Amino acid sequence: MSEKPSNKNQSDFIREIIKADLSSGKHDSSITRFPPEPNGYLHLGHAKSICLNFGIANENESTGARCHLRFDDTNPSKEETEYVESIKKDIKWLGFDWGKHLYFASDNFEQLYEWAVYLINKNIAYVDDLNADEIREYRGSLTEPGKDSPHRNRSADENLKLFTQMREGLFNDGDKVLRAKIDMSHPNINMRDPVIYRIIKAHHHKTGDKWCIYPSYDFAHGQCDSIESITHSLCTLEFEQHRPLYEWFIDKLPVQTKPRQIEFSKLQPTYTLLSKRKLIEMVNDNYVDGWDDPRMSTLSGLRRRGFPPQSLITFCKSVGITKFTGVTDIAVLEHAVREQLNKEALRKMVVLDPIKLTITNWPKKGQVEFMNAINNPEDNESGKRQIPLDGEVYIEREDFMENPPKKYHRLSPGNEVRLRYSYCIRCDEIIKDDDGNVIELLCSYDPETLGKNPEGRKVRAAIHWVSVSDSIGAEVRLYDRTFTAEDPSGVDDWRECFNHEALNVLTGCKLESSLRDASTDQRFQFERKGYFCLDSKDSSKEKLVFNRTIALRDTWAKINKS
RNA sequence: AACCCCGUGGUGUAAUUGGUAACACAACUGAUUUUGGUUCAGUCAUUCAAGGUUCGAGUCCUUGCGGGGUUGCCA
């Protein structure tokens, strides 16, 4: 049905390197991997990495390229199965497929342990009794070299004995660690005898209680890459200074293939938070409804909000891959979403904030006339539908103004507008309640204006409407940007710039009745208002709930503001 | 301050690898429009700075300036 997402003819420095490696014969094909840690939900930033790694595999499919999904589960104290499942779901939703290549770093614990023993026997790894604070002290600082641990020169035999005892559980968390013996005065701090195994007596989601020692990221990642024959290990910039260590292990260990690590810059969209820690806080502190709240930058949140997966792929493509750490205007994403939705969304008429309008010269009360409405002007296949008009309708409260400003084209006393797909009407009278609020408009229609413009005068606006008799009620949730600061990560506490108006729940909305049969996989444009979808969690036959994915561009709002 | 990385319109990416600075978003004009949507046309940078190499430099060299990363038994 749909073809595999890939960015053919896209180029960036990583794709250039891979292309060169293929044409030089260094590799017959590329094998990449997406390596999430199962300790949280995937977000927009992960989408960039997914599009890169899986995209490269799809683009080079003819050479046998593939992309693995590998869960980096080396720290049992933070990881859970719930996250594994959500991560798989999100990748599939984006349209990517790891086939049979699903792996866990924990699959390799035995091999990694053997390699640790190998380093001990080579006398380039040792068990250290220093505690975490002492190790930090001994490491030195950015400007000063570190100094050797007093336990650095234990014999291989003693190290082996202690490491075995670590595995057997004879020590407590933090009592001992295994460290690589490299150089305590190395200018790169990662090379100052990094910890490669630590004791963590916690239940692991895959291996249960089999292990109480776990390899660190540095000791596990590159070796897992090698075990899986990964050719290009793509990661973000903060791992750049880990590369010498990555290569040190690959060099010292009897591994069969030598993967190459290449770093690229993280995605940093404006008005968006992508820090896993802060996203967890938003959930735990009940600022949002959960990981899939439509205000979240998680893929599950964006999905529930109504973002089409293709729009995220388009977005990632336009962002590109470089080593430059810049910010991406969230408007680029919003544009990709509108572009996609404009093509596929079915048009509907929905009045979000209704006010009643009666056509006083309608021939007979209750007489119904059907209007032809286009389902999607961007897609001829989508056809037309019939909408009843019977003289009593709801229109949008903001489409009427008693005292309109200069360039206001909509309804006002004595002024004429078109009811979309229907007749032109003129406002003759306003009915107000005791507090002076407008509660009803009395208008007259011109029977000569169906399908043609009136002669001798210009009607400048067409407004949407729903017949009172044809309307159904629903709750509509209006979403806006989640943060008020352009860079929420630069604010001391994200709570200070959390946009409390990012969710606006409207309850008395009036929808055209065809929306009764809406399904969760459909996307709609509520004409002149924005793109909407059914809320996958809270909507039911009895109580319809729609989410606004994104508003339509609104030139009038801009004019009005200035 | 030590080490590493990066500097091309307002923003993000391109530039056949030394040969006319291109694309997208944003913004602003204007046209079209029964969605103030869509669409269409137009405006908006001599590539951080200064030197150098060259017939020719965004691309190569030097120095300076600016931004980011790094001092977890996280990944």
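To find a chain, count down the sequence lines: A is the first, B the second, and so on, and within it residues start at 1. These figures come from a predicted structure and were not determined experimentally.
- Atom CG of N380(A) is separated from atom C1' of rU39(B) by 15 Å (rounded to the nearest Å).
- As rounded to whole Å, 11 Å separates atom P of rC4(B) from atom CD of Q241(A).
- Contacts of F13(A) with the nucleic acid, taken as non-hydrogen atoms under 4.0 Å apart, are absent.
- Residue N188(A) has no polar side-chain atom (N or O) positioned under 4.0 Å from OP1 or OP2 of rC4(B).
- Geometrically, R523(A) does not engage F532(A) in a cation-pi contact defined by less than 6.0 Å to the ring centre and at most 45° from the axis.
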Show the distances under 3.5 angstrom between N or O atoms of the protein and N or O atoms of nucleotides 19-26 of chain B.
from    : atom 1 : to      : atom 2 : distance (Å)
rC25(B) : OP1    : H335(A) : NE2    : 3.1

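- Judged by atom type and distance alone, E240(A) does not reach the base of rU70(B) through any side-chain donor-acceptor pair under 3.5 Å.
- Nucleotide rC3(B) has rG69(B) as its partner under the Watson-Crick or G-U criteria, with both atom distances under 3.5 Å.
- Spacing between atom CG of D218(A) and atom P of rU71(B) amounts to 11 Å, rounded to whole angstrom units.
- Nucleic acid contact class of L130(A) (heavy atoms, under 4.0 Å, all strands): base.
- Side-chain rings of F13(A) and F264(A) stay apart, their centers remaining 6.0 Å or farther from each other.
- Comparing the same atom, P, in rU70(B) and in rG58(B) gives a spacing of 34 Å after rounding to whole Å.
- Residues satisfying the side-chain hydrogen bond (donor to acceptor under 3.5 Å, both in side chains) criterion with D12(A), sequence neighbours excluded, are R15(A).
- Nearest to the side-chain atoms of D12(A) among the listed nucleotides rA14(B), rA2(B), rA75(B) stands rA14(B).
- Put simply, T74(A) has a side-chain N or O that comes within less than 4.0 Å of OP1 or OP2 on rA75(B).
- Taking only distance into account, the side chain of R347(A) meets the base of rU35(B) through a donor-acceptor pair shorter than 3.5 Å.
- A distance below 6.0 Å separates the ring centres of Y217(A) and H221(A).
- OP1 or OP2 of rC74(B) has at least one side-chain nitrogen or oxygen of R198(A) nearer than 4.0 Å.
- When side chains are defined from C-beta on, Q261(A) does not count as touching E247(A), because their heavy atoms never get closer than 4.5 Å.
- Taking atom C1' on both nucleotides, rC73(B) is separated from rG67(B) by 32 Å, rounded to a whole Å.
- Ring-base stacking between W556(A) and rG36(B) is satisfied, the centre separation being under 5.5 Å and the plane angle under 30°.
- The base of rG72(B) has none of its N or O atoms less than 3.5 Å from a complementary donor or acceptor on the side chain of R136(A).
- Nucleic acid contact class of V459(A) (heavy atoms, under 4.0 Å, all strands): none.
- An OP1 or OP2 oxygen of rU34(B) is reached within less than 4.0 angstrom by no side-chain nitrogen or oxygen of S422(A).
- In this structure, H464(A) reaches neither bases nor backbone, as no heavy-atom distance under 4.0 Å exists between it and the strands shown.
- A donor and an acceptor atom sit less than 3.5 Å apart, one in the side chain of R418(A) and one in the base of rU34(B).
- Stacking is found between H409(A) and the pyrimidine-like six-membered ring of the rG36(B) base under the 5.5 Å centre-distance and 30° plane-angle cut-offs.
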